[in-house]
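A single structure is presented below for examination.
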There are 2 protein chains.
Amino acid sequence: MAERLTRQESRRRTRGRLLEAAAELFAERGVNGASVEQIAERAGYSRGAFYGNFDGKDALVAELLAERTRREAEEVREATAGAATRAEAFDALRAWNRERARNLESWLALRMELLLHAIRTPELRPLLAEREQAARSALAEGVRRELDRDGAAPPADPAFLALIAHALEDGLLIQRVLDPAAVGDEAVVDAVELLLRSWTALGGEAAEEGGT
Amino acid sequence: MAERLTRQESRRRTRGRLLEAAAELFAERGVNGASVEQIAERAGYSRGAFYGNFDGKDALVAELLAERTRREAEEVREATAGAATRAEAFDALRAWNRERARNLESWLALRMELLLHAIRTPELRPLLAEREQAARSALAEGVRRELDRDGAAPPADPAFLALIAHALEDGLLIQRVLDPAAVGDEAVVDAVELLLRSWTALGGEAAEEGGT
DNA sequence: GTTTTCTAATACAAGACTGTATTGGAATTC
DNA sequence: GAATTCCAATACAGTCTTGTATTAGAAAAC
(Lines give C-alpha, C1' and ligand atoms only; values in the text may rest on other atoms or scores of the structure.)
Protein backbone atom coordinates (compact mmCIF):
# COMPACT_ATOMS: atom_id res chain seq x y z
CA MET A 1 0.00 0.00 0.00
CA ALA A 2 2.80 2.41 0.73
CA GLU A 3 4.15 2.99 -2.73
CA ARG A 4 7.73 4.06 -2.43
CA LEU A 5 8.31 7.26 -4.30
CA THR A 6 11.60 8.19 -5.79
CA ARG A 7 12.81 11.61 -4.85
CA GLN A 8 12.01 12.99 -8.27
CA GLU A 9 8.49 11.65 -8.14
CA SER A 10 7.98 12.99 -4.68
CA ARG A 11 9.19 16.40 -5.67
CA ARG A 12 7.01 16.43 -8.75
CA ARG A 13 4.04 15.48 -6.66
CA THR A 14 4.75 18.23 -4.16
CA ARG A 15 5.01 20.78 -6.93
CA GLY A 16 1.80 19.54 -8.47
CA ARG A 17 -0.08 19.79 -5.22
CA LEU A 18 1.22 23.26 -4.59
CA LEU A 19 0.17 24.36 -8.08
CA GLU A 20 -3.28 22.92 -7.63
CA ALA A 21 -3.78 24.51 -4.25
CA ALA A 22 -2.56 27.81 -5.65
CA ALA A 23 -5.03 27.59 -8.53
CA GLU A 24 -7.90 27.08 -6.11
CA LEU A 25 -6.87 29.90 -3.85
CA PHE A 26 -6.19 32.28 -6.71
CA ALA A 27 -9.70 31.66 -7.97
CA GLU A 28 -11.16 32.21 -4.53
CA ARG A 29 -9.22 35.21 -3.32
CA GLY A 30 -7.08 36.39 -6.17
CA VAL A 31 -3.37 36.13 -6.71
CA ASN A 32 -2.66 38.95 -4.35
CA GLY A 33 -5.17 37.79 -1.81
CA ALA A 34 -3.68 34.36 -1.40
CA SER A 35 -0.61 34.18 0.78
CA VAL A 36 2.21 31.71 0.37
CA GLU A 37 1.32 30.30 3.73
CA GLN A 38 -2.27 29.60 2.69
CA ILE A 39 -1.15 27.91 -0.49
CA ALA A 40 1.31 25.70 1.33
CA GLU A 41 -1.19 24.87 4.01
CA ARG A 42 -3.94 23.88 1.60
CA ALA A 43 -1.50 21.70 -0.30
CA GLY A 44 -0.60 20.04 2.98
CA TYR A 45 2.91 21.44 3.25
CA SER A 46 4.67 24.22 5.05
CA ARG A 47 6.09 27.47 3.74
CA GLY A 48 9.55 25.95 3.74
CA ALA A 49 8.40 23.38 1.20
CA PHE A 50 6.97 26.14 -0.96
CA TYR A 51 10.16 28.12 -1.09
CA GLY A 52 12.09 24.94 -1.68
CA ASN A 53 10.07 24.27 -4.82
CA PHE A 54 9.48 27.73 -6.22
CA ASP A 55 11.49 30.91 -6.23
CA GLY A 56 8.46 32.75 -4.95
CA LYS A 57 4.83 33.40 -5.73
CA ASP A 58 5.58 35.08 -9.04
CA ALA A 59 7.47 32.06 -10.27
CA LEU A 60 4.57 29.84 -9.32
CA VAL A 61 2.13 32.08 -11.14
CA ALA A 62 4.24 31.94 -14.26
CA GLU A 63 4.34 28.17 -14.14
CA LEU A 64 0.64 27.93 -13.47
CA LEU A 65 -0.09 30.16 -16.43
CA ALA A 66 2.09 28.09 -18.72
CA GLU A 67 0.58 24.85 -17.52
CA ARG A 68 -3.00 25.98 -17.85
CA THR A 69 -2.73 27.47 -21.31
CA ARG A 70 -0.94 24.38 -22.53
CA ARG A 71 -3.44 22.01 -21.02
CA GLU A 72 -6.46 23.85 -22.33
CA ALA A 73 -5.15 23.93 -25.86
CA GLU A 74 -4.51 20.22 -25.61
CA GLU A 75 -7.98 19.46 -24.34
CA VAL A 76 -9.71 21.28 -27.16
CA ARG A 77 -7.48 19.63 -29.71
CA GLU A 78 -8.18 16.20 -28.29
CA ALA A 79 -11.90 16.85 -28.04
CA THR A 80 -12.27 17.81 -31.68
CA ALA A 81 -9.65 15.51 -33.14
CA GLY A 82 -11.93 12.50 -33.28
CA ALA A 83 -14.83 14.29 -34.93
CA ALA A 84 -15.55 13.36 -38.51
CA THR A 85 -18.41 15.75 -39.24
CA ARG A 86 -19.11 19.28 -38.21
CA ALA A 87 -21.98 18.13 -36.04
CA GLU A 88 -19.70 15.75 -34.24
CA ALA A 89 -17.15 18.45 -33.62
CA PHE A 90 -19.80 20.77 -32.23
CA ASP A 91 -21.10 17.97 -30.04
CA ALA A 92 -17.64 17.36 -28.69
CA LEU A 93 -17.22 21.05 -27.93
CA ARG A 94 -20.59 21.11 -26.25
CA ALA A 95 -19.58 18.25 -24.02
CA TRP A 96 -16.32 19.95 -23.16
CA ASN A 97 -18.16 23.13 -22.29
CA ARG A 98 -20.66 21.33 -20.13
CA GLU A 99 -17.83 19.75 -18.23
CA ARG A 100 -16.24 23.10 -17.66
CA ALA A 101 -19.50 24.72 -16.69
CA ARG A 102 -19.55 22.81 -13.45
CA ASN A 103 -16.82 24.96 -12.02
CA LEU A 104 -17.46 27.96 -14.17
CA GLU A 105 -16.95 30.66 -11.62
CA SER A 106 -13.69 29.48 -10.28
CA TRP A 107 -12.55 28.67 -13.78
CA LEU A 108 -13.32 32.15 -15.04
CA ALA A 109 -11.93 33.76 -11.93
CA LEU A 110 -8.67 31.93 -12.38
CA ARG A 111 -8.49 32.82 -16.06
CA MET A 112 -9.10 36.46 -15.29
CA GLU A 113 -6.61 36.46 -12.48
CA LEU A 114 -3.94 34.99 -14.70
CA LEU A 115 -4.88 37.37 -17.51
CA LEU A 116 -4.51 40.34 -15.23
CA HIS A 117 -1.25 39.03 -13.93
CA ALA A 118 0.02 38.61 -17.46
CA ILE A 119 -1.11 42.09 -18.42
CA ARG A 120 0.91 43.49 -15.57
CA THR A 121 3.94 41.28 -16.03
CA PRO A 122 5.59 42.09 -19.35
CA GLU A 123 7.71 38.96 -19.48
CA LEU A 124 4.61 36.79 -19.22
CA ARG A 125 2.69 38.38 -22.04
CA PRO A 126 4.39 36.65 -24.96
CA LEU A 127 3.37 33.35 -23.43
CA LEU A 128 -0.30 34.21 -23.52
CA ALA A 129 -0.16 36.11 -26.78
CA GLU A 130 1.41 33.15 -28.53
CA ARG A 131 -1.20 30.73 -27.28
CA GLU A 132 -4.03 33.06 -28.28
CA GLN A 133 -2.57 33.47 -31.73
CA ALA A 134 -2.31 29.74 -32.17
CA ALA A 135 -5.92 29.30 -31.11
CA ARG A 136 -7.03 31.99 -33.52
CA SER A 137 -5.20 30.61 -36.49
CA ALA A 138 -6.48 27.11 -35.86
CA LEU A 139 -9.96 28.59 -35.69
CA ALA A 140 -9.40 30.59 -38.85
CA GLU A 141 -8.46 27.43 -40.69
CA GLY A 142 -11.59 25.74 -39.38
CA VAL A 143 -13.85 28.61 -40.41
CA ARG A 144 -12.35 28.73 -43.86
CA ARG A 145 -12.82 25.01 -44.31
CA GLU A 146 -16.39 24.97 -43.09
CA LEU A 147 -17.45 27.89 -45.24
CA ASP A 148 -15.73 26.32 -48.20
CA ARG A 149 -17.53 23.05 -47.61
CA ASP A 150 -20.82 24.89 -47.87
CA GLY A 151 -19.66 26.63 -51.00
CA ALA A 152 -19.70 30.05 -49.40
CA ALA A 153 -17.06 32.72 -49.72
CA PRO A 154 -15.78 34.13 -46.43
CA PRO A 155 -17.65 37.42 -45.91
CA ALA A 156 -14.52 38.86 -44.27
CA ASP A 157 -10.94 37.95 -43.58
CA PRO A 158 -11.10 34.47 -42.00
CA ALA A 159 -8.68 35.69 -39.37
CA PHE A 160 -11.21 38.32 -38.36
CA LEU A 161 -14.02 35.78 -38.30
CA ALA A 162 -11.90 33.55 -36.11
CA LEU A 163 -11.15 36.44 -33.83
CA ILE A 164 -14.86 37.01 -33.37
CA ALA A 165 -15.52 33.40 -32.54
CA HIS A 166 -12.59 33.27 -30.19
CA ALA A 167 -13.50 36.47 -28.41
CA LEU A 168 -17.05 35.25 -27.96
CA GLU A 169 -15.84 32.54 -25.68
CA ASP A 170 -14.42 34.85 -23.05
CA GLY A 171 -17.23 37.34 -23.42
CA LEU A 172 -20.01 34.81 -23.08
CA LEU A 173 -18.35 33.21 -20.10
CA ILE A 174 -18.26 36.56 -18.36
CA GLN A 175 -21.91 37.21 -19.11
CA ARG A 176 -22.76 33.74 -17.95
CA VAL A 177 -21.13 34.20 -14.60
CA LEU A 178 -22.79 37.55 -14.11
CA ASP A 179 -26.21 36.34 -15.12
CA PRO A 180 -26.48 32.55 -15.34
CA ALA A 181 -30.19 32.67 -16.05
CA ALA A 182 -29.74 34.64 -19.25
CA VAL A 183 -26.93 32.59 -20.71
CA GLY A 184 -27.53 28.93 -21.29
CA ASP A 185 -25.09 26.11 -20.77
CA GLU A 186 -24.27 25.85 -24.41
CA ALA A 187 -24.41 29.45 -25.43
CA VAL A 188 -20.86 29.47 -26.69
CA VAL A 189 -21.29 26.57 -29.05
CA ASP A 190 -24.76 27.70 -30.09
CA ALA A 191 -23.43 31.14 -30.88
CA VAL A 192 -20.56 29.88 -32.98
CA GLU A 193 -22.90 27.60 -34.83
CA LEU A 194 -25.21 30.49 -35.55
CA LEU A 195 -22.37 32.66 -36.73
CA LEU A 196 -21.16 30.00 -39.08
CA ARG A 197 -24.61 29.69 -40.59
CA SER A 198 -24.91 33.45 -40.85
CA TRP A 199 -21.60 33.79 -42.60
CA THR A 200 -22.50 30.98 -44.93
CA ALA A 201 -25.68 32.83 -45.79
CA LEU A 202 -23.82 36.08 -46.34
CA GLY A 203 -20.99 34.46 -48.28
CA GLY A 204 -23.33 32.24 -50.27
CA GLU A 205 -25.55 35.15 -51.13
CA ALA A 206 -22.58 37.09 -52.40
CA ALA A 207 -21.32 34.14 -54.40
CA GLU A 208 -24.68 33.32 -55.92
CA GLU A 209 -25.66 36.86 -56.58
CA GLY A 210 -24.46 36.75 -60.12
CA GLY A 211 -26.06 33.40 -60.81
CA THR A 212 -29.56 34.16 -59.60
CA MET B 1 -8.68 82.31 -7.80
CA ALA B 2 -9.32 80.77 -4.43
CA GLU B 3 -12.86 79.58 -4.88
CA ARG B 4 -14.40 79.04 -1.54
CA LEU B 5 -15.83 75.60 -1.27
CA THR B 6 -18.73 74.77 0.89
CA ARG B 7 -18.17 71.81 3.15
CA GLN B 8 -20.36 69.60 1.06
CA GLU B 9 -18.50 70.54 -2.08
CA SER B 10 -15.18 70.00 -0.43
CA ARG B 11 -16.18 66.61 0.84
CA ARG B 12 -17.54 65.60 -2.53
CA ARG B 13 -14.30 66.64 -4.15
CA THR B 14 -12.27 64.65 -1.66
CA ARG B 15 -14.37 61.59 -2.29
CA GLY B 16 -14.06 62.03 -6.02
CA ARG B 17 -10.31 62.30 -5.87
CA LEU B 18 -10.05 59.26 -3.68
CA LEU B 19 -12.23 57.29 -6.07
CA GLU B 20 -10.17 58.37 -9.04
CA ALA B 21 -6.89 57.52 -7.36
CA ALA B 22 -8.31 54.16 -6.33
CA ALA B 23 -9.38 53.43 -9.90
CA GLU B 24 -5.86 54.12 -11.15
CA LEU B 25 -4.21 52.02 -8.51
CA PHE B 26 -6.68 49.16 -8.89
CA ALA B 27 -5.89 49.05 -12.58
CA GLU B 28 -2.16 49.11 -11.89
CA ARG B 29 -1.85 46.72 -9.01
CA GLY B 30 -5.24 45.19 -8.43
CA VAL B 31 -7.76 45.80 -5.71
CA ASN B 32 -5.86 43.66 -3.27
CA GLY B 33 -2.52 45.03 -4.32
CA ALA B 34 -3.39 48.65 -3.61
CA SER B 35 -3.29 49.67 0.03
CA VAL B 36 -5.48 52.31 1.59
CA GLU B 37 -2.36 54.32 2.25
CA GLN B 38 -1.34 54.30 -1.41
CA ILE B 39 -4.80 55.37 -2.50
CA ALA B 40 -4.89 58.22 -0.01
CA GLU B 41 -1.39 59.30 -0.91
CA ARG B 42 -2.03 59.39 -4.64
CA ALA B 43 -5.19 61.37 -4.07
CA GLY B 44 -3.16 63.82 -2.02
CA TYR B 45 -4.70 62.98 1.32
CA SER B 46 -3.87 60.92 4.36
CA ARG B 47 -5.31 57.68 5.60
CA GLY B 48 -7.42 59.54 8.09
CA ALA B 49 -9.20 61.32 5.26
CA PHE B 50 -9.85 58.03 3.58
CA TYR B 51 -11.46 56.46 6.62
CA GLY B 52 -13.39 59.63 7.21
CA ASN B 53 -14.97 59.33 3.77
CA PHE B 54 -15.38 55.60 3.33
CA ASP B 55 -16.09 52.78 5.71
CA GLY B 56 -13.15 50.91 4.27
CA LYS B 57 -11.71 49.66 1.02
CA ASP B 58 -14.66 47.38 0.32
CA ALA B 59 -17.09 50.23 0.57
CA LEU B 60 -14.99 52.26 -1.82
CA VAL B 61 -14.87 49.39 -4.30
CA ALA B 62 -18.65 49.08 -4.17
CA GLU B 63 -19.07 52.76 -4.84
CA LEU B 64 -16.53 52.71 -7.64
CA LEU B 65 -18.32 49.81 -9.26
CA ALA B 66 -21.67 51.56 -9.07
CA GLU B 67 -20.24 54.79 -10.40
CA ARG B 68 -18.44 53.20 -13.32
CA THR B 69 -21.29 51.04 -14.52
CA ARG B 70 -23.66 53.97 -14.32
CA ARG B 71 -21.32 56.30 -16.12
CA GLU B 72 -20.57 53.88 -18.91
CA ALA B 73 -24.20 53.19 -19.59
CA GLU B 74 -24.78 56.92 -19.75
CA GLU B 75 -21.93 57.51 -22.15
CA VAL B 76 -23.13 54.93 -24.63
CA ARG B 77 -26.65 56.24 -24.43
CA GLU B 78 -25.50 59.78 -25.03
CA ALA B 79 -23.22 58.78 -27.86
CA THR B 80 -25.92 57.00 -29.80
CA ALA B 81 -28.84 59.21 -28.86
CA GLY B 82 -28.07 61.81 -31.47
CA ALA B 83 -27.63 59.39 -34.33
CA ALA B 84 -30.35 59.42 -36.96
CA THR B 85 -29.15 56.59 -39.16
CA ARG B 86 -27.49 53.32 -38.47
CA ALA B 87 -24.28 54.55 -40.02
CA GLU B 88 -24.28 57.53 -37.72
CA ALA B 89 -24.82 55.36 -34.69
CA PHE B 90 -21.95 53.12 -35.69
CA ASP B 91 -19.76 56.13 -36.26
CA ALA B 92 -20.59 57.43 -32.83
CA LEU B 93 -19.73 54.09 -31.28
CA ARG B 94 -16.51 54.00 -33.23
CA ALA B 95 -15.54 57.37 -31.86
CA TRP B 96 -16.38 56.30 -28.35
CA ASN B 97 -14.28 53.19 -28.75
CA ARG B 98 -11.35 55.12 -30.13
CA GLU B 99 -11.49 57.37 -27.13
CA ARG B 100 -11.44 54.48 -24.78
CA ALA B 101 -8.69 52.73 -26.69
CA ARG B 102 -6.20 55.29 -25.48
CA ASN B 103 -6.20 53.81 -22.01
CA LEU B 104 -7.23 50.38 -23.04
CA GLU B 105 -5.09 48.36 -20.71
CA SER B 106 -5.91 50.16 -17.56
CA TRP B 107 -9.53 50.30 -18.59
CA LEU B 108 -9.71 46.57 -19.10
CA ALA B 109 -7.70 45.88 -15.99
CA LEU B 110 -10.07 47.96 -13.93
CA ARG B 111 -13.12 46.31 -15.46
CA MET B 112 -11.71 42.88 -14.78
CA GLU B 113 -10.73 43.79 -11.26
CA LEU B 114 -14.19 45.05 -10.51
CA LEU B 115 -15.73 42.04 -12.20
CA LEU B 116 -13.68 39.70 -10.08
CA HIS B 117 -14.52 41.63 -6.99
CA ALA B 118 -18.20 41.41 -7.82
CA ILE B 119 -17.97 37.70 -8.51
CA ARG B 120 -16.53 37.21 -5.06
CA THR B 121 -18.81 39.61 -3.25
CA PRO B 122 -22.36 38.28 -3.38
CA GLU B 123 -23.99 41.54 -2.36
CA LEU B 124 -22.38 43.32 -5.29
CA ARG B 125 -23.53 40.93 -7.97
CA PRO B 126 -27.09 42.17 -8.39
CA LEU B 127 -25.66 45.58 -9.19
CA LEU B 128 -23.66 44.29 -12.11
CA ALA B 129 -26.22 41.76 -13.24
CA GLU B 130 -28.87 44.44 -13.46
CA ARG B 131 -26.71 46.74 -15.51
CA GLU B 132 -25.71 43.96 -17.89
CA GLN B 133 -29.33 42.98 -18.33
CA ALA B 134 -30.28 46.53 -19.16
CA ALA B 135 -27.50 46.76 -21.71
CA ARG B 136 -28.57 43.51 -23.29
CA SER B 137 -32.19 44.41 -23.57
CA ALA B 138 -31.39 47.79 -25.07
CA LEU B 139 -29.18 46.00 -27.55
CA ALA B 140 -31.88 43.43 -28.27
CA GLU B 141 -34.31 46.21 -29.09
CA GLY B 142 -31.73 47.74 -31.42
CA VAL B 143 -31.03 44.48 -33.18
CA ARG B 144 -34.71 43.78 -33.66
CA ARG B 145 -35.27 47.23 -35.09
CA GLU B 146 -32.34 47.10 -37.46
CA LEU B 147 -33.22 43.67 -38.79
CA ASP B 148 -36.79 44.75 -39.20
CA ARG B 149 -35.75 47.83 -41.11
CA ASP B 150 -33.97 45.58 -43.60
CA GLY B 151 -36.99 43.37 -43.82
CA ALA B 152 -35.22 40.39 -42.33
CA ALA B 153 -36.59 38.06 -39.70
CA PRO B 154 -34.35 37.57 -36.67
CA PRO B 155 -32.51 34.29 -37.26
CA ALA B 156 -32.65 33.62 -33.49
CA ASP B 157 -34.12 35.11 -30.36
CA PRO B 158 -33.12 38.79 -30.44
CA ALA B 159 -32.09 38.46 -26.81
CA PHE B 160 -29.57 35.85 -27.85
CA LEU B 161 -28.31 37.99 -30.71
CA ALA B 162 -27.90 40.87 -28.32
CA LEU B 163 -26.05 38.65 -25.92
CA ILE B 164 -23.60 37.76 -28.65
CA ALA B 165 -23.00 41.37 -29.56
CA HIS B 166 -22.61 42.36 -25.95
CA ALA B 167 -20.25 39.52 -25.11
CA LEU B 168 -18.12 40.39 -28.09
CA GLU B 169 -17.19 43.64 -26.48
CA ASP B 170 -15.48 42.11 -23.49
CA GLY B 171 -13.99 39.30 -25.49
CA LEU B 172 -12.50 41.50 -28.15
CA LEU B 173 -11.09 43.86 -25.55
CA ILE B 174 -9.29 40.99 -23.92
CA GLN B 175 -7.89 39.80 -27.22
CA ARG B 176 -6.89 43.30 -28.08
CA VAL B 177 -4.91 43.78 -24.93
CA LEU B 178 -3.19 40.45 -25.35
CA ASP B 179 -2.34 41.00 -28.97
CA PRO B 180 -2.85 44.58 -30.12
CA ALA B 181 -1.43 43.89 -33.55
CA ALA B 182 -4.10 41.33 -34.39
CA VAL B 183 -7.07 43.36 -33.22
CA GLY B 184 -7.69 46.72 -34.80
CA ASP B 185 -8.93 49.84 -33.09
CA GLU B 186 -12.42 49.38 -34.33
CA ALA B 187 -12.74 45.65 -34.19
CA VAL B 188 -15.72 45.77 -31.88
CA VAL B 189 -17.80 48.01 -34.08
CA ASP B 190 -16.66 46.28 -37.25
CA ALA B 191 -17.60 42.94 -35.81
CA VAL B 192 -21.06 44.04 -34.75
CA GLU B 193 -21.63 45.57 -38.13
CA LEU B 194 -20.63 42.34 -39.83
CA LEU B 195 -22.88 40.32 -37.55
CA LEU B 196 -25.81 42.55 -38.32
CA ARG B 197 -25.25 42.11 -42.04
CA SER B 198 -24.87 38.35 -41.59
CA TRP B 199 -28.05 38.06 -39.65
CA THR B 200 -29.86 40.14 -42.18
CA ALA B 201 -28.65 37.78 -44.86
CA LEU B 202 -29.71 34.74 -42.88
CA GLY B 203 -33.04 36.20 -41.83
CA GLY B 204 -33.75 37.58 -45.25
CA GLU B 205 -32.91 34.29 -46.87
CA ALA B 206 -35.28 32.48 -44.56
CA ALA B 207 -38.02 35.00 -45.17
CA GLU B 208 -37.63 34.95 -48.92
CA GLU B 209 -37.22 31.23 -49.16
CA GLY B 210 -40.87 30.65 -49.82
CA GLY B 211 -41.07 33.44 -52.34
CA THR B 212 -38.14 32.42 -54.54
C1' DG C 1 -16.66 87.41 16.97
C1' DT C 2 -17.51 83.41 19.45
C1' DT C 3 -19.10 78.78 19.62
C1' DT C 4 -20.12 74.63 17.46
C1' DT C 5 -19.47 71.26 13.93
C1' DC C 6 -16.98 68.87 10.80
C1' DT C 7 -12.91 67.52 7.92
C1' DA C 8 -8.43 65.72 7.51
C1' DA C 9 -3.59 64.64 9.69
C1' DT C 10 -1.02 62.13 12.92
C1' DA C 11 -0.03 58.56 16.31
C1' DC C 12 -0.57 54.00 17.82
C1' DA C 13 -1.38 49.02 18.66
C1' DA C 14 -2.27 44.68 16.66
C1' DG C 15 -1.83 41.49 13.13
C1' DA C 16 -0.23 39.45 8.65
C1' DC C 17 3.17 38.33 5.13
C1' DT C 18 7.66 37.60 3.39
C1' DG C 19 12.05 35.45 2.90
C1' DT C 20 15.85 33.24 5.14
C1' DA C 21 18.33 30.41 8.29
C1' DT C 22 18.43 26.44 10.89
C1' DT C 23 17.14 21.69 11.97
C1' DG C 24 15.22 16.93 11.63
C1' DG C 25 14.54 13.13 8.84
C1' DA C 26 14.08 10.73 4.75
C1' DA C 27 16.37 8.75 0.16
C1' DT C 28 20.50 7.65 -2.53
C1' DT C 29 25.32 6.20 -2.97
C1' DC C 30 29.20 3.82 -1.82
C1' DG D 1 25.06 0.07 6.85
C1' DA D 2 27.53 4.54 6.89
C1' DA D 3 27.91 8.85 4.53
C1' DT D 4 25.90 12.09 1.81
C1' DT D 5 22.48 14.48 -0.43
C1' DC D 6 18.13 16.31 -0.59
C1' DC D 7 13.43 17.61 1.01
C1' DA D 8 10.36 19.72 4.13
C1' DA D 9 9.23 21.84 9.00
C1' DT D 10 10.05 25.28 12.22
C1' DA D 11 11.80 29.61 14.03
C1' DC D 12 12.83 34.33 13.42
C1' DA D 13 13.53 39.26 12.03
C1' DG D 14 11.83 42.77 9.34
C1' DT D 15 8.33 45.14 6.81
C1' DC D 16 3.78 46.42 5.58
C1' DT D 17 -1.18 47.05 6.45
C1' DT D 18 -5.16 47.95 8.87
C1' DG D 19 -8.44 50.39 11.77
C1' DT D 20 -9.02 53.46 15.57
C1' DA D 21 -8.21 57.20 18.66
C1' DT D 22 -6.62 61.64 19.24
C1' DT D 23 -5.69 66.34 17.63
C1' DA D 24 -5.36 70.57 14.85
C1' DG D 25 -7.65 73.64 11.94
C1' DA D 26 -11.31 75.27 8.81
C1' DA D 27 -16.31 76.21 7.91
C1' DA D 28 -21.02 77.18 9.57
C1' DA D 29 -24.25 79.02 12.94
C1' DC D 30 -25.42 82.18 16.14
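Sequence lines set the chain letters: A, B, ... in the order given, protein chains first and strands last, and positions in each chain run from 1.
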Given C:dA8, D:dA8, D:dT17, the nucleotide with the shortest approach to the side chain of A:Arg11: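 Out of C:dA8, D:dA8, D:dT17, the nucleotide with an atom closest to A:Arg11's side chain is D:dA8.
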Length of the line joining B:Phe50:CZ and D:dT20:C1', which is rounded to integer Å: 14 Å
SB check B:Arg68 B:Glu72 (cutoff 4.0 Å): no
Nearest to side-chain heavy atoms of B:Tyr51, which nucleotide of D:dT20, C:dA8, D:dA8: D:dT20
Nucleotide C:dT7, atom P - distance to CZ of B:Arg13 in whole Å: 14 Å
Atom pair distance, as rounded to whole Å: CZ in A:Arg17 and C1' in D:dC7: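 A:Arg17 atom CZ is separated from D:dC7 atom C1' by 14 Å.
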Whole-Å distance separating the CD atom of B:Glu37 from the C1' atom of C:dA11: 13 Å
Sugar-phosphate, base or nothing in reach of B:Gly48, heavy atoms under 4.0 Å: base
Rounded distance (Å) that lies between atom P of D:dC16 and atom CD of B:Glu41: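 The answer, rounded to whole Å, is 13 Å.
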Separation of C:dT18 P from A:Asp58 CG (nearest whole Å): 11 Å
Closest nucleotide among D:dT18, C:dA8, D:dA8 to the A:Ser10 side chain: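 My answer, after comparing the listed nucleotides, is D:dA8.
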Considering all heavy atoms, the nearest A:Leu128-A:Leu115 contact: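 A:Leu128 and A:Leu115 have their closest heavy atoms at CD1-CD2, 3.8 Å.
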Sugar-phosphate, base or nothing in reach of A:Tyr45, heavy atoms under 4.0 Å: sugar-phosphate
Nucleotide nearest A:Ser46 (side chain, heavy atoms from C-beta), chosen from C:dA9, D:dT18, D:dA8: D:dA8
Rounded distance in Å - CZ (A:Arg15) to C1' (D:dC6): 15 Å
B:Arg94 and B:Glu193 ion-paired at < 4.0 Å: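 Yes, charged N to carboxylate O under 4.0 Å.
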Minimum heavy-atom distance B:Ala182-A:Arg136, with the two atoms named: CB-NH2, 3.1 Å
Sidechain N-carboxylate O distance under 4.0 Å for A:Glu146, A:Arg149: yes
Sugar-phosphate only, base, or nothing, as touched by B:Ser35 at under 4.0 Å among non-hydrogen atoms: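 Touches sugar-phosphate only.
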For atom CZ of B:Arg12 and atom C1' of D:dA27, their distance in whole Å: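 Those two atoms, CZ and C1', are 18 Å apart.
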B:Asn53 side-chain N/O to C:dA8 phosphate OP1/OP2 under 4.0 Å: yes
